Each structure stands twice: as structure tokens, then as C-alpha cells.
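See below for the structure under consideration.
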Amino acid sequence: MTTPLPPTHRALRQDVYAEPPTVQTVATPQPTPGSAVLKVLQAGILNYTKDVYNGVRKHPYPVPLTLGQSAVARVVALGEDATTLKIGNLCLLDITIRGRDDIDRSAGATFLSAIVQGFTPASARLMADAWRDGTYAEYVRWPLENCYVLDEDRLFNKLGYQMGDLMYMTKLMVPYGGLGSLCMDLKPGETVVVYPATGGFGSAAVHLCLDLGAGRVICMGRNVEALEGLKSAATPEKRPRIETVPLSGRWEEDLKVLKSLGGNIDVFFDISPPTAGKEVLKAGMVALRHGGRMCIMGGGDQDIPLPNGVFMHKDLTLKGKWMYEPMDVKRLISLVEAGIVKLHRQGEAVTPYGASVVAKFSLEDWQKAFNEGERVGSAGIVVFEP
Ligand SMILES: NC(=O)c1ccc[n+]([C@@H]2O[C@H](COP(=O)([O-])OP(=O)(O)OC[C@H]3O[C@@H](n4cnc5c(N)ncnc54)[C@H](OP(=O)(O)O)[C@@H]3O)[C@@H](O)[C@H]2O)c1
């Protein structure tokens with residue numbers, strides 16, 4: 001039976017770009033064709049969420065806006081065209097919203113809910129006119145195809161996870177977009193370099209590679225202490241498959257170290273921020289084996305220096321990836337539900353680096369929440385429980 005939606009609900013909203021948001025009581029969203037309305041249980045806060053909404057990151061987005069991020073939520077109402085979703089389903093909400101009439105993506109009608117309106121007029125229009133509001137609210141209206149049903153019985157009763165453990169999936173989803181079968185297709189036994197390995201998505205990539213069966217995971221980073229932390233956060237049986245490489249930022253030196261490790265490198269995975277040196281990618285490309293693959297998920301507008309001759313003679317593959325495909329999300333959830341890719345489990349002695357929820361906030365405490373997200377950085381997950 002459907003419980004009637006309350007006429008109003010609380011949402012963290014910004015009326016003027018880059019100005020402080022406020023918790024407002026607004027009309028509860030109603031289901032329309034193509035959408036579900038969900039009760040938000042937990043919504044993530046990134047280390048740079050504060051800088052998105054205070055304008056430092058200069059992300060373009062329309063206002064007024066309900067702020068938000070990836071979330072775990074429960075379906076409370078459905079548009080009449082829902083075919084598989086049911087009232088009561090627990091869902092992972094994917095923030096990558098795509099134009100339904102942009103099948104080949106030629107219009108670039110893709111944006112990240114409540115974070116950035118995308119990079120074309122079509123994506124900006126889609127966000128402003130159709131899917132403006134994010135998950136920092138008690139209720140959210142969400143595209144049906146972005147609600148991924150989770151098997152609660154399997155996750156909670158059989159695998160022993162708790163609600164907060166599920167949020168790590170939203171971190172794993174990004175590197176899975178680059179490393180999964182639709183992009184790099186990382187295979188068991190392969191050697192992969194993760195650059196840099198110490199950030200939120202980098203450390204998730206390391207954990208993912210290990211669970212997907214990579215033979216060796218070479219972790220590059222400039223922070224030696226963080227690299228060691230990453231290694232000690234892996235379970236004892238996985239630890240020997242992790243190697244760490246302190247970063248010099250000069251490609252010849254980084255190449256020398258990569259070569260000194262010996263063996264073939266099958267995949268180089270880049271998830272560097274715009275501020276990080278891109279010279280490392282040259283070292284990575286030269287270090288790859290014949291037929292090796294490189295995935296660029298790192299951000300930035302600068303040119304990347306790549307060695308033409310090496311690229312051609314070694315039959316290398318270079319792919320870029322923004323976020324992930326819908327099938328990646330389905331596959332990652334299946335891998336988690338099968339117990340192959342592991343989440344943090346509360347109370348376990350050894351947990352993947354940065355995989356556990358370390359702080360929970362109400363919407364009213366948004367300032368503390370954003371500061372805590374920044375302070376915790378990649379070492380944990382901070383959430384709102386609206
Ligand atoms: N393609 C996509 O779909 C996609 C999606 C999300 C994010 N991204 C990209 O991924 C990047 C990382 O995101 P995140 O959330 O993991 O960030 P994060 O948690 O802030 O981690 C940043 C990482 O970069 C390292 N780093 C920072 N400045 C550096 C520098 N100057 N030289 C070398 N390493 C440096 C940090 O290492 P230290 O420990 O040394 O500080 C850390 O490992 C984002 O900035 C974005 O560009 C791409």
C-alpha cells in the first residue's frame with residue numbers, strides 16, 4: 001500500500017549561486033511519468049562539496065537548487081510507467097543523469113545532479129528544466145533509470161552489511177567505470193598502476209582492482225605515509241599484491257622506478273585531479289607492456305604529453321572515461337551482492353582505506369558537514385541523514 005506523501009518536506013537549498021544554503025520547507029515532489037519519489041536515507045558529502053557550493057570550484061549549475069550527491073533511498077511513489085521498481089525498494093541513486101532522447105550522446109545531454117550542469121546547452125537545459133533538485137532533502141524525485149535496486153536480504157542478512165556500509169558503492173562506481181568490462185576490462189592476474197592511489201577515488205580503485213583479481217596493484221602517490229596507510233588497510237592476504245611508488249613528478253624518474261619493479265604493466269589508470277602533474281602519464285605510457293591500456297579519468301584542461309612513437313609501435317590503447325555506464329552500475333552492484341567486491345563491514349578490524357562512514361549530519365548542520373567532509377578527505381565517508 002502506498003503511504004501518502006507529506007505535503008511539504010525539508011530540503012537544503014541555495015537561492016543565489018555561491019551564497020550559503022538554507023534548510024527550507026518546500027512542497028514534496030510528486031511522481032511524474034519517468035520518475036520515482038524516494039525517501040532519502042543517506043546522501044554523500046565529498047571533500048570538495050563545500051567548494052562546489054561556495055563557488056570556489058566554479059561549477060556551473062542553475063539556482064535555486066536543492067543541493068545533493070549520490071544517495072541511498074527508499075521508493076515511496078512511482079510514475080505510472082515504472083515497470084520493475086516497486087514501492088519500498090531500497091535503491092542506490094546515481095547522479096549521472098542523461099538525456100533520454102540523446103541515445104548516441106551526440107548532444108552531450110549528461111550532467112551530474114546538483115553538482116554540475118554538464119558541458120552543452122542540452123545538458124544545462126535538462127538540469128534546469130527537468131531534474132534540478134538533488135538529494136540533500138527528505139524526499140527526492142529521481143529518473144526511474146537512475147534508481148538501482150539493492151538486494152536488501154543479500155546485503156544485510158547474508159553479507160552482514162549495515163545501511164552506512166552501502167555508501168562505499170558510490171565511491172567504487174567511478175573507478176569501476178574506467179576499470180570495468182566496458183572500458184579497460186581489467187582481467188584477473190593483470191598488473192595495474194593507479195595514479196594517484198591515495199585520493200578518494202584512487203584508493204577505491206586500488207581496493208576494486210584487488211577484489212577484481214588484479215595480480216599486482218602499483219600505487220603511485222606523493223604522500224608516502226598515505227601510501228603506507230593504503231597498504232595496511234588491505235587485508236593481510238591482499239597486502240602482498242600492493243606495491244607503492246613515491247611520485248617524483250618528473251617522468252624520467254617515475255619511469256625508472258616503474259621499470260625497476262620488473263614484470264609487465266597491463267593497465268595504467270589515471271584518476272588525478274586537475275592540479276596534479278600530467279607528466280606521469282608519459283612515464284606510465286612508456287612503462288606499459290606491448291598492447292597495454294591506459295584509462296584517463298583524471299580532470300583538467302591542460303594538454304597531456306604523450307609519446308607518439310611508443311603509442312604507435314606498442315599498439316597501445318588510450319581511453320578516456322567520464323563517470324560510468326548504466327550497465328557498469330548494475331555490474332558493480334552484482335559484484336557486491338555476490339560478495340566478490342567487498343564493502344566496509346562495521347566492526348571489522350581491517351577495512352578498505354576510506355570505506356567507512358565516519359560522520360553523519362542533519363541538513364541543519366550543513367556547515368559542519370561540509371567542513372567535516374573537507375577535513376576527512378579521502379580517509380572516510382561523510383553523509384547527511386535527512
Ligand atoms: N572521470 C570522472 O568521471 C571523474 C569522476 C570523479 C572525479 N574525477 C577526477 O578525479 C580527481 C580525484 O578525485 P578524488 O575525489 O579522488 O580527489 P581527492 O580525494 O581529493 O584525491 C586527490 C588525489 O590527488 C593527489 N594529488 C593532489 N594534488 C596532487 C599533485 N599536485 N600532484 C600529485 N598528486 C596530487 C592526492 O594525493 P596527496 O595524498 O598527495 O594529496 C590524492 O591522491 C578529481 O579531481 C577529478 O578530476 C574524475
Side-chain angles (χ1 to χ4, degrees), residues 44-52 56-59 69-70 94-98 105 108 110-113 115-116 118-119 123 167-168 170-180 182-184 193-208 218-231 233 244-251 253-254 269-281 283-284 294-302 304 318-326 328-329 332 352-355 358 373-382:
I45 296 159
L46 296 175
N47 52 0
Y48 53 81
T49 294
K50 177 169 144 184
D51 286 347
V52 171
V56 167
R57 285 226 162 190
K58 297 192 168 46
H59 282 195
Q69 240 294 329
S70 311
D94 173 17
I95 54 168
T96 318
I97 296 181
R98 301 177 178 90
R105 313 257 173 96
T110 301
F111 71 93
L112 303 184
S113 170
I115 297 176
V116 64
F119 306 99
S123 66
M167 287 303 292
Y168 189 44
T170 65
K171 243 187 188 181
L172 291 168
M173 257 151 55
V174 168
Y176 190 76
L179 292 161
L182 299 178
C183 192
M184 286 292 98
V193 176
V194 176
Y195 164 71
T198 54
F201 294 121
S203 57
V206 173
H207 174 67
L208 189 66
I218 299 170
C219 304
M220 299 185 90
R222 56 184 182 164
N223 183 338
V224 178
E225 212 176 302
L227 286 174
E228 280 317 304
L230 193 63
K231 194 163 178 170
T244 56
V245 173
L247 199 66
S248 80
R250 290 174 295 280
W251 79 269
E253 280 178 45
D254 291 327
F269 179 70
D270 159 58
I271 186 75
S272 55
T275 47
K278 303 292 174 179
E279 271 203 32
V280 189
L281 301 184
M294 174 177 276
C295 177
I296 294 184
M297 288 197 85
D301 291 327
Q302 64 272 58
I304 299 173
L318 175 65
K319 275 189 169 183
K321 188 70 208 161
W322 187 30
M323 301 302 275
Y324 35 73
E325 297 302 308
D328 285 321
V329 185
L332 178 68
Y353 182 84
V358 294
E374 186 180 53
R375 191 191 68 76
V376 167
S378 55
I381 298 171
V382 178

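Both ligands and their constituent atoms are indexed starting at 1 by order of listing. The analysis underlying the following values was restricted to heavy atoms, covering all of them including side chains, and did not include hydrogens, waters or symmetry mates. Everything numeric in this text was worked out from a predicted model, so none of it was measured.
In the model, D254 has a side-chain atom that pairs as donor or acceptor with a side-chain atom of S248 under 3.5 Å.
In this structure, the side chains of M294 and F269 stay at 4.5 Å or more apart for every pair of heavy atoms. L112 has its side chain within reach of W322: a pair of non-hydrogen atoms, C-beta onward, lies under 4.5 Å apart. Within the 4.5 Å cutoff, side-chain heavy atoms of M323 are placed close to those of V174.
Screening L208, V329, L182 for a side-chain contact (heavy atoms from CB on, under 4.5 Å) with Y176, the sole residue that qualifies is L208.
Protein residues with any heavy atom under 4.0 Å from ligand 1: N47, Y48, V174, P196, T198, G199, G200, F201, R222, N223, L247, I271, S272, P273, P274, T275, A276, M297, G299, K321, W322, M323, S378.
Summarising the geometry of L230 relative to S203, their closest heavy-atom pair is CD1-CB, 3.5 Å, with the distance given to 0.1 Å.
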